[in-house]
Amino acid sequence: MTDDLPSSEPPASRTPPAVAVVDAQSPGNVGTIARAMKNFGFEDLLLVDPPELDPDGEAYGFAGHAREDVLPNADEISFDYLVENYHTIGCTAVTNEDDNSHMRFPYSTPADLADRLPTVEAPTALVFGRERVGLTNEELARIDEICSIPANADYPVLNLGQAATITLYELRSLTLDETQLPDLERVRAPEPTVDRLYDQWGALLEELNHPDEKQDKTMRMVRRVFGRADVTEREANTLLGVLRRATERPAENSDSV
């Protein structure tokens with residue numbers, strides 16, 4: 001880890017926020033957060049009063065491929081430096097939902113932040129607290145705003161690694177242009193192919209002597225079903241082949257009579 005950054009050289013403005021972990025007790029949680037950062041495209045890890053991070057220990061063991069960059073490149077800084085040089089967003093399960101008793105009100109959800117942070121010019125940091133008590137009231141009083149993950153009101157408390165992973169997942173649009181999942185718009189069958197599929201359904205209904213008064217209604221249902229399905233070109237062509245064969249069978253059977 002690198003030492004505290006000089007206060008005369010504040011971080012450059014950037015949209016993807018840094019991730020700050022305050023006084024984590026478990027090296028494994030630091031490694032878990034680093035791994036989540038790697039999963040969702042975050043790079044800047046800030047550690048306030050961290051535990052010892054032995055390269056042969058739990059933190060690096062839990063970090064996965066983040067052991068190669070995110071974790072060893074983490075900056076160890078003071079809480080004072082953090083709040084003086086970043087727009088800070090404290091992540092907490094306790095929101096104090098009204099304005100009668102609060103340290104910071106109102107609160108945002110991670111999804112709210114995903115929409116708003118691209119417009120924030122200042123360097124930002126998502127701040128996660130200790131495993132058992134999170135951020136203290138004194139720390140929250142110095143933080144700019146708070147974020148909370150919607151959860152079961154009977155048990156909203158998440159462990160540190162879970163909270164960071166969920167938050168970073170919700171903010172992945174700030175860092176990733178694409179993921180390993182395919183773009184459904186690119187894999188959906190071309191419209192001419194889908195139209196041929198509908199035409200073949202119509203031909204089958206005709207061949208089966210489906211009642212004339214029901215054909216329009218049935219075709220509307222077929223279009224709704226396939227419209228929701230986003231069939232691929234391969235799927236559409238396979239279904240076309242099946243429907244053509246089904247359409248031809250009645251004619252074949254009548255010829256053999």
Side-chain angles (χ1 to χ4, degrees), residues 15-17 19 32-43 64-66 68-70 108-119 126 147-152 156 158 161-257:
T15 297
V19 176
T32 297
I33 292 172
R35 180 173 185 153
M37 291 173 64
K38 185 78 171 180
N39 288 145
F40 303 118
F42 293 82
E43 298 178 352
H65 286 189
E68 300 168 2
D69 43 28
V70 176
S108 300
T109 66
D112 295 332
L113 293 178
D115 292 334
R116 188 169 54 77
L117 283 182
T119 68
L126 303 165
C147 173
S148 186
I149 297 169
N152 185 349
L158 299 164
Q162 287 176 324
T165 299
I166 292 170
T167 302
L168 298 178
Y169 165 77
E170 290 283 7
L171 298 178
R172 69 195 183 282
S173 61
L174 303 180
T175 58
L176 300 176
D177 293 327
E178 60 182 31
T179 70
Q180 89 284 6
L181 297 179
D183 184 340
L184 293 180
E185 291 183 358
R186 288 204 301 260
V187 300
R188 177 179 165 84
E191 286 307 310
T193 303
V194 177
D195 287 340
R196 289 201 303 274
L197 187 60
Y198 295 148
D199 290 343
Q200 195 63 53
W201 267 107
L204 178 60
L205 294 179
E206 288 280 356
E207 191 63 44
L208 294 175
N209 295 318
H210 193 64
D212 291 341
E213 67 275 12
K214 294 183 178 180
Q215 287 199 23
D216 287 345
K217 183 177 180 180
T218 301
M219 284 307 304
R220 285 197 298 272
M221 181 196 69
V222 168
R223 286 176 177 274
R224 287 200 300 269
V225 170
F226 282 95
R228 291 195 300 268
D230 279 335
V231 292
T232 66
E233 186 167 13
R234 180 177 181 182
E235 291 167 343
N237 284 327
T238 298
L239 289 170
L240 273 168
V242 172
L243 290 170
R244 287 193 190 103
R245 183 61 177 157
T247 305
E248 293 166 0
R249 289 298 294 274
E252 291 175 0
N253 292 336
S254 63
D255 290 342
S256 63
V257 174

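The first residue of the sequence shown is numbered 1, and numbering continues consecutively from there.
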If you take all heavy atoms of Ala163 and Ile149, which pair is closest and at what distance? O-CD1, 3.6 Å
Does His65, at its NE2 atom, have more than 12 non-hydrogen atoms belonging to other residues, nucleotides or ligands within less than 6.0 Å? no
Does some side-chain heavy atom of Leu126 sit less than 4.5 Å from a side-chain heavy atom of Cys147? no
State, to 0.1 Å, how close Thr109 and Pro150 come at their nearest heavy-atom pair, and which atoms those are. CG2-CG, 3.9 Å
Is Arg245 reaching over with its side chain to a backbone N or O of Val242, donor-acceptor style, under 3.5 angstrom? no
Taking all heavy atoms of Tyr198 and all of Met219, pick out the closest pair and write down the distance. O-CE, 3.4 Å
Only one of Val222, Leu240, Asn237 passes side-chain contact (heavy atoms from CB on, under 4.5 Å) with Leu197, and that residue is Leu240
Do other residues, nucleotides or ligands put more than 12 heavy atoms under 6.0 Å from the CD atom of Glu43? no
Any Phe40 side-chain heavy atom under 4.5 Å of Thr165 side chain: yes
For Val231 and Phe226 the tightest heavy-atom approach is CG1-CD2, 3.8 Å
Minimum heavy-atom distance Ser173-Ala114, with the two atoms named: OG-CB, 4.2 Å
So, do Glu170 and Leu113 sit near enough that their side-chain heavy atoms are less than 4.5 Å apart? no
Measuring from Thr175:OG1 to Met37:CE, what's the distance to the nearest 0.5 Å? 10.0 Å
To the nearest 0.5 angstrom, please state how far the CG atom of Leu117 sits from the CG atom of Asp112. 10.0 Å
In this structure, CD of Glu248 is separated from CD of Glu207 (nearest 0.5 Å) by 9.5 Å
If every non-hydrogen atom of Leu176 is compared with every non-hydrogen atom of Gly41, which pair is closest and at what distance? CD2-CA, 3.8 Å
N/O donor-acceptor pair under 3.5 Å between Thr167 side chain and Ala164 backbone: no
Value for CG (Asp69) from NZ (Lys38), rounded to nearest 0.5 Å, stands at 3.5 Å
Approximate separation, where rounding is to 0.5 Å, of Arg234 CZ and Thr193 OG1: 15.0 Å
If you round to the nearest 0.5 Å, how far is OG1 of Thr179 from CG of Asn39? 11.5 Å
